[in-house]
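Notes for the one structure printed next.
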Amino acid sequence: MRTRPLKVALLGCGVVGSEVARIMTTHADDLAARIGAPVELAGVAVRRPSKVREGIDPDLVTTDATALVKRGDIDVVVEVIGGIEPARTLITTAFEHGASVVSANKALLAQDGAALHAAAEGNGKDLYYEAAVAGAIPLIRPLRESLAGDKVNRVLGIVNGTTNFILDKMDSTGAGYQEALDEATALGYAEADPTADVEAFDAAAKAAILAGIAFHTRVRLDDVYREGMTEVTAADFASAKQMGCTIKLLAICERAADGGSVTARVHPAMIPLTHPLASVRGAYNAVFVESDAAGQLMFYGPGAGGAPTASAVLGDLVAVCRNRLSGATGPGESAYAALPVSPMGDVVTRYHISLDVADKPGVLAQVATVFAEHDVSIDTVRQQGKDGEASLVVVTHRASDASLAGTVEALRSLDTVRGVASIMRVEGE
Ligand SMILES: NC(=O)c1ccc[n+]([C@@H]2O[C@H](COP(=O)([O-])OP(=O)(O)OC[C@H]3O[C@@H](n4cnc5c(N)ncnc54)[C@H](O)[C@@H]3O)[C@@H](O)[C@H]2O)c1
Ligand SMILES: N[C@@H](CCO)C(=O)O
Ligand code: NA
């Protein structure tokens, strides 16, 4: 074993960073044996230096992250600050000064992944980010390496722990949205600004990263259709139950049937209680990958939290350190397929639409006609009367999102339709 240690700079010492530091210390001997050289925490960049950080030598702590990444003797920079800046500049500066980088920053990778990969490759360094998608679950590496000889057609799953925790609580205990979000935040699952979780920016960033790797195509955050989960109500859960379903926030990345384009989307969806994703509880994540030769694979595990996320960071750290010792780098960006990303209107799926209508003769026929005119075929209709008004729940067969949007617009203009209470896609059947 080499005796000279590999030097690691830790940027950020919050929920994830503090666990990375802890595991580096407690597992130091095993890590050294697995890598073939000791790894040494050479500096920890923080925002609040006065905070007591158990197990971290105060002499290592600095508020000058830029000086730390410019030192020149750092082998690996671990970026767990989050956000776009200063993380982006610190990562590119790290590459320029000879370090490889491990990051958990999905927001940054979804926005600037191509430029960061180019900076890594231009400097002959590694950029690893297993922790950025689905926390502890090995997903990036299986897609990038294990499935490199296969053709992935679909990636579908739950990739945000906070929103799964909230939806699960709302469904199973009837907890209110805010109460459940506060608990997820206290447990260290939520982003610094939890809007990123509940409005699905976080899941969209993960979908962009997954689609990019799965389809060997650049997919950015802006290419991903996004709907958050703040509008999901107890009534939606009740309606889902009547259909034998529950509601999950799903990320779905698909290759078109003709193979010529891809789509990526995140939104709440009803899924049957019999589907394996329906039983994913709390902050757990689960992702199905479908490919030509392998068929269907399922990845399941803790999707958020300090220690689980640190597990993925440490796995990357070991891989990058091994590469440093052997003078190699791991696989870089693979975007050769350059497939176009189609708009949401091209997506074909089923829909659950809840309408408030006048309870009088002919309304059902009127509503059915609007669906037929837009080429959206109805599977089931359920009607409940209430004081001269009625609630009509329509479930469709598969139709394009564009046709469904046209149907809803036309329904809204009917005098007998008082309102469209909710529209939810139905997946996993
Ligand atoms: N918490 C999770 O479950 C989880 C899971 C997967 C990925 N991530 C990602 O990991 C990253 C970190 O998340 P976290 O939950 O640990 O967040 P956090 O807010 O707990 O920690 C970030 C830390 O960085 C510090 N910081 C901010 N600016 C800094 C600067 N300029 N220099 C030094 N330190 C600075 C903050 O003070 C804070 O302590 C984010 O990119 C997040 O998306 C988090
Ligand atoms: N806020 C994220 C952290 C893990 O990426 C989540 O809840 O999934
Ligand atoms: Na992961």
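Whatever order the structure lists ligands and atoms in, that order sets their numbers, starting from 1.
- Of all atoms in ligand 2, numbered sequentially from 1 with element shown, those under 4.0 Å from a heavy atom of Lys106 are 2 (C), 3 (C), 4 (C), 5 (O).
- The backbone N or O of Glu191 lies less than 3.5 Å from a partner atom in the side chain of Asp197, making a donor-acceptor pair.
- The atoms of ligand 2 that sit less than 4.0 Å from any heavy atom of Asp197 are 1 (N), 2 (C), 6 (C), 7 (O).
- Taking the six-membered ring where the residue is Trp, Phe288 and His275 present perpendicular rings, their angle passing 60° and hence far from 30°.
- Judged as a ring pair (Phe, Tyr, Trp, His ring centres under 6.0 Å), the pairs with a partner in residues 117-148 (not counting sequence neighbours) are, in order, His117-Tyr129.
- Shortest contact from atom 7 (O) of ligand 2 to any protein heavy atom: Thr162 OG1, 2.6 Å.
- Inspection of the Asn164 and Asn285 side chains reveals no N or O donor paired with an N or O acceptor under 3.5 Å.
- Which parts of ligand 2 touch Gly161 is read off a 4.0 Å heavy-atom cut-off, strictly below it: atoms 6 (C), 7 (O), 8 (O).
- Separation of atoms CZ (Phe215) and CG (Leu143) is listed at 9.5 Å; rounding is to 0.5 Å.
- Residue Ser311 holds its OG atom at 6.5 Å from CD1 of Ile23, rounded to the nearest 0.5 Å.
- In this structure, Arg22 pairs ionically with Glu19, as a charged nitrogen and a carboxylate oxygen lie closer than 4.0 Å.
- Listed by number with element, the atoms of ligand 2 under 4.0 Å from a non-hydrogen atom of Lys206 are 2 (C), 4 (C), 5 (O), 6 (C), 8 (O).
- Within the 4.5 Å cutoff, the side chain of Thr396 has heavy atoms near those of the Ile353 side chain.
- Under the side-chain contact (heavy atoms from CB on, under 4.5 Å) criterion, Glu40 pairs with Pro5, Lys7, Ala42, not counting sequence neighbours.
- Near Tyr189, meaning under 4.0 Å from one of its heavy atoms, ligand 2 places the atoms 1 (N), 2 (C), 3 (C), 6 (C), 7 (O).
- The distance from ligand 2 to the heavy atoms of Glu191 drops below 4.0 Å at these ligand atoms: 1 (N), 2 (C), 3 (C).
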Which N or O atoms of ligand 1 sit under 3.5 Å from a protein N or O, and how far apart is each pair?
unit_1: ligand 1; atom_1: 1 (N); unit_2: Gly188; atom_2: O; d: 3.1
unit_1: ligand 1; atom_1: 3 (O); unit_2: Gly188; atom_2: O; d: 3.4
unit_1: ligand 1; atom_1: 3 (O); unit_2: Gly305; atom_2: N; d: 2.6
unit_1: ligand 1; atom_1: 16 (O); unit_2: Val15; atom_2: N; d: 3.2
unit_1: ligand 1; atom_1: 16 (O); unit_2: Val16; atom_2: N; d: 2.9
unit_1: ligand 1; atom_1: 20 (O); unit_2: Val15; atom_2: N; d: 2.9
unit_1: ligand 1; atom_1: 37 (O); unit_2: Arg47; atom_2: NE; d: 3.3
unit_1: ligand 1; atom_1: 37 (O); unit_2: Arg47; atom_2: NH2; d: 3.4
unit_1: ligand 1; atom_1: 43 (O); unit_2: Lys106; atom_2: NZ; d: 3.2
unit_1: ligand 1; atom_1: 43 (O); unit_2: Glu191; atom_2: OE1; d: 2.7
unit_1: ligand 1; atom_1: 43 (O); unit_2: Glu191; atom_2: OE2; d: 3.4

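- Polar contact with ligand 2: absent for Asn285 (N/O pair, distance under 3.5 Å).
- The backbone N or O of Glu179 lies less than 3.5 Å from no partner atom in the side chain of Asp182, so there is not a single donor-acceptor pair.
- By the 4.0 Å N-to-carboxylate-O rule, Asp126 lies too far from Arg324 to be salt-bridged with it.
- Residue contacts with ligand 2 for Asn160 involve both N, CA, C or O and side-chain atoms from C-beta outward (heavy atoms, distance under 4.0 Å).
- Residues Ser18 and Arg53 form no side-chain contact, since every pair of their non-hydrogen atoms from C-beta on lies 4.5 Å or further apart.
- For the side-chain contact (heavy atoms from CB on, under 4.5 Å) test with Val16, the passing option among Val80, Val78, Ile81, Leu10 is Val80; the others fail.
- Distances shorter than 3.0 Å separate the Na ion (ligand 3) from the protein N/O/S atoms Glu130 O, Glu130 OE2, Val133 O, Gly135 O, Ile137 O.
- Scanning all protein heavy atoms for the shortest distance to atom 4 (C) of ligand 2 gives Gly303 O, 3.3 Å.
- Applying the 6.0 Å contact sphere to CG of Asp29 captures no more than 12 heavy atoms from other residues, nucleotides or ligands.
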